[in-house]
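If you're wondering where the values come from, they're calculated on a predicted model, not measured in any experiment. Throughout, protein chains are lettered first and strands after them, A, B, ... in sequence-line order, and every chain is numbered starting at 1. Note: hydrogens, waters and symmetry copies are ignored here, and every other heavy atom, side chains too, is used.
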Protein chains: 2
Amino acid sequence: MPYSDKDMFHLAVDCVIFGFDGEHLNLLLYKRDFEPEKGSWSLMGGFLQKKETLDDAAYRVLARITGMRDIYMEQLSAFSEVDRDPAARVVSMAYYSLINIQDYREDLLKKHGAQWFSINEIPSLVFDHSEIVDKALRRLKRRAKYQPIGFELLPETFTITQLRLLYEAIYQEKLEPANFRRKIISMNLLDRLPIKDMSNSKKGAYLYAFNKERYEEYEASGYSFEL
Amino acid sequence: MPYSDKDMFHLAVDCVIFGFDGEHLNLLLYKRDFEPEKGSWSLMGGFLQKKETLDDAAYRVLARITGMRDIYMEQLSAFSEVDRDPAARVVSMAYYSLINIQDYREDLLKKHGAQWFSINEIPSLVFDHSEIVDKALRRLKRRAKYQPIGFELLPETFTITQLRLLYEAIYQEKLEPANFRRKIISMNLLDRLPIKDMSNSKKGAYLYAFNKERYEEYEASGYSFEL
DNA sequence: ACAAAAGTGTTAGACTTACACCCATGA
DNA sequence: TCATGGGTGTAAGTCTAACACTTTTGT
C-alpha cells in the first residue's frame, strides 16, 4: 500500500455564502446542530467524502442548505491550524459563493436554522470562521473590481442603479451614478432590454442583462474587465 | 471520538517555485525519487504531518530542497480529483513561491535531482502538475500587476532595467523602458542607492531597493499598487 | 569620437471626475 | 405642475503611449 506510513486527516469544506438584498451585502449563517459548539453561529460546512472532489463537497453543502444549483462558487483558501477545531484535527477548505438572494428556498433555510446577516452585523462565529469570512470579504472586494462577478448576486435582469448599489455595498463606498453608468455601459457587456422597471421611479429604468458569452469572447481575445 | 464516522485523507503540498535569471522566468522541478512515476519530472512536494499546518509543510519542503527560509510563498489552490494520484487518494494543496535565484544552494538542488526550466520549455509533468503550474503562472501574472511581489524574484538591490526585464518575462510582453521607469519611480516605493551597477553599460545604472515598510504604510492608508 | 545603455522631455490623445443639466411621468 | 429618480453633456484635470532626445563613459 503506497503512502501507508503517511498521516491522514479529516477534510472539511466551509462555505461563505453572500447574497445582496438590494441594499446590503449579506452573509448566510446557521446555528450549528452538532457538537462541539452546538448552537453557535457558523458557516455552512461538511466533511469531504471518499468519492468526491472538494468542489463536489462544497456544491453538496450548498444544495443541502439552499436548494440551489448552478451557483457561482470559488475556492478561497485552506485553513489548517492544528487546533482550529478543538475536538479533532480537521483541515478545512473554505469556499465562497455568490447567490441571487431571491432564488433561495426559505423552507430549507428555516429547516437548517439558517439566517441572513448584513456584513456589517456579523455575530461572532465558531472556530476560525470569522477569519474565513474576513478573507472572503477581502477577496470579494478585489474580485469585484477585476472580474464581472457582481452579476451573480443580482437577478437575471437589473437596472444600472441596482448594479451600482451592489457595488457600493461591496466596496463600502459611494460611486458617482453618472460615471458608473457610462463606464459599465461602455464595456458593452450589458444588453438593454426593451422593458423598464417602474418600481423605483416615475420615469422607469431600463432593465439590462449581463451577456456572459460576449464577456468570454472578449476575455479570450485579451480584454480585461476593470471596475 | 468526534467525527469518527468521517472519511480521512492523505494531504500533500506541492510547490511551484519560480526564479528569475535576468532573462527568463524559471521553474524549479525535480525528478521524482519514489513510486509511482519515479523518474518523471514533478513539482516539489511532501505529505502533511500531524502536528504542522499546510504552510509549515510547504516551508519544510522548500527548505529541504533549496536550503532557503524567509521566502515569499502563497497558497494557490487545492487539487482534489479523486484519481489525480493513481496510487491512492491524495488531496494536494498547491503553493507557489518566488525566490531570488542567486540565493539557491546548488548542492541541495543537485542532491535532489532538481533543475531550473524556463517557463517556455516546461517538460511534461506527473499527475496534474502541469495544470498546477498553469494555474500558478496565471496567478503570478495577475498578482504581479496588482501587488509588488516582483521584488521577491530579484536581489535586494537591482536596476530599473532589471526590474523591467523581470516584468517583461512575467507578462511575456515588451514594456516601454521610459514609461516603465517613470511609472515605478513615481510610486515612491523604491529607494535609490548612491551606487551604480556598471556591468551592463558604460554610463552605469543606479541601484534601487524596494522599501517594504513604506509600501505597508501606503497600503494601510488605502493606496493600491498597480502595474 | 562613437556606440550603447541610462535616463529625461514632450506631446497627442484617452480616460476620469465632478457637477450641471435635461427627461419622463405618477401623484 | 412639481418632485423624483433616470439619464446625458461637458469641461478641467490627470494619466498613458509613443518616440525624440540628452547623458555618460569604456573602448
Side-chain angles (χ1 to χ4, degrees), chain A residues 21-23 144-146 148 150 154-155 157-169 171-210 218 222-227, chain B residues 21-23 144-146 148 150 154-155 157-169 171-210 218 222-227:
Chain A
D21 62 11
E23 191 179 2
K145 204 173 170 69
Y146 301 113
L154 292 175
T157 66
F158 46 85
T159 65
I160 301 293
T161 300
Q162 285 177 307
L163 186 61
R164 176 172 52 81
L165 292 173
L166 166 61
Y167 275 89
E168 291 181 349
Y171 296 156
Q172 308 257 66
E173 73 185 70
K174 290 277 171 227
L175 301 172
E176 251 294 341
N179 297 334
F180 178 82
R181 156 173 266 110
R182 259 186 301 249
K183 184 157 198 176
I184 198 82
I185 285 174
S186 74
M187 288 179 185
N188 198 27
L189 295 172
L190 299 184
D191 294 331
R192 192 175 85 177
L193 309 181
I195 310 168
K196 286 194 166 193
D197 167 28
M198 306 304 291
S199 60
N200 289 295
S201 79
K202 288 140 193 178
K203 183 178 176 183
Y206 280 110
L207 287 170
Y208 290 79
F210 177 60
Y218 286 0
Y223 162 88
S224 90
F225 180 94
E226 184 169 340
L227 235 176
Chain B
D21 63 10
E23 193 179 0
K145 204 172 169 72
Y146 301 113
L154 292 174
T157 67
F158 48 84
T159 65
I160 302 293
T161 300
Q162 286 177 306
L163 185 63
R164 176 172 52 80
L165 291 173
L166 167 62
Y167 275 90
E168 291 181 349
Y171 296 156
Q172 308 258 65
E173 74 185 69
K174 291 277 172 228
L175 302 172
E176 251 294 14
N179 296 334
F180 179 82
R181 155 174 268 109
R182 259 186 302 249
K183 185 158 196 175
I184 198 82
I185 285 176
S186 74
M187 287 180 186
N188 197 27
L189 295 173
L190 299 185
D191 293 332
R192 193 176 84 177
L193 308 181
I195 310 169
K196 285 193 166 194
D197 167 27
M198 306 304 292
S199 59
N200 288 296
S201 79
K202 290 139 193 182
K203 183 179 175 184
Y206 281 109
L207 288 169
Y208 290 79
F210 176 60
Y218 285 0
Y223 162 88
S224 91
F225 181 93
E226 184 168 341
L227 232 176

Practice problem: Could you check if a side-chain atom of Y208(A) sits within less than 4.5 angstrom of a side-chain atom of F158(A), using non-hydrogen atoms only? | Solution: yes
Quiz item: Less than 4.5 Å apart, any side-chain heavy atom of L163(B) and any of F210(B)?
Solution: no
Quiz item: Sequence neighbours excluded, which residues qualify as side chain to side chain contact (heavy atoms under 4.5 Å, CB included) partners of K202(B)?
Solution: none
Quiz item: Can you tell me how far the CE atom of M187(A) sits from the OH atom of Y223(A), to the nearest 0.5 Å?
Solution: 4.5 Å
Exercise. Please work out if T161(A) contacts a base, only the sugar-phosphate, or nothing of the nucleic acid, heavy-atom cut-off 4.0 Å.
Key: sugar-phosphate
Exercise. Classify every nucleotide of nucleotides 14-27 of chain D by which part a protein heavy atom approaches to under 4.0 Å, writing B for the base, S for the sugar-phosphate alone and - for neither, in 5'-to-3' order.
Key: --SBBB---BBBB-
Quiz item: side chain to side chain contact (heavy atoms under 4.5 Å, CB included) with A205(B): which residues, sequence neighbours excluded?
Solution: T159(B)
Practice problem: Provide the start and end nucleotides, 5' to 3', of the part of DNA chain C that has atoms under 4.0 Å from heavy atoms of chain B. | Solution: dA5(C) to dT10(C)
Quiz item: Among all residues two or more places apart in sequence or in another chain, which pass the side chain to side chain contact (heavy atoms under 4.5 Å, CB included) test with P155(A)?
Solution: N100(A), Q102(A)
Self-check item: Rounded distance (nearest 0.5 Å) linking atom CG of L165(B) with atom CG of D21(B)
Solution: 10.5 Å
Exercise. Sorted by first residue and then second, give each salt bridge (Lys or Arg N to Asp or Glu O under 4.0 Å) pair with at least one member in residues 173-192 of chain B; sequence neighbours left out.
Key: E168(B)-K174(B), D191(B)-R214(B)
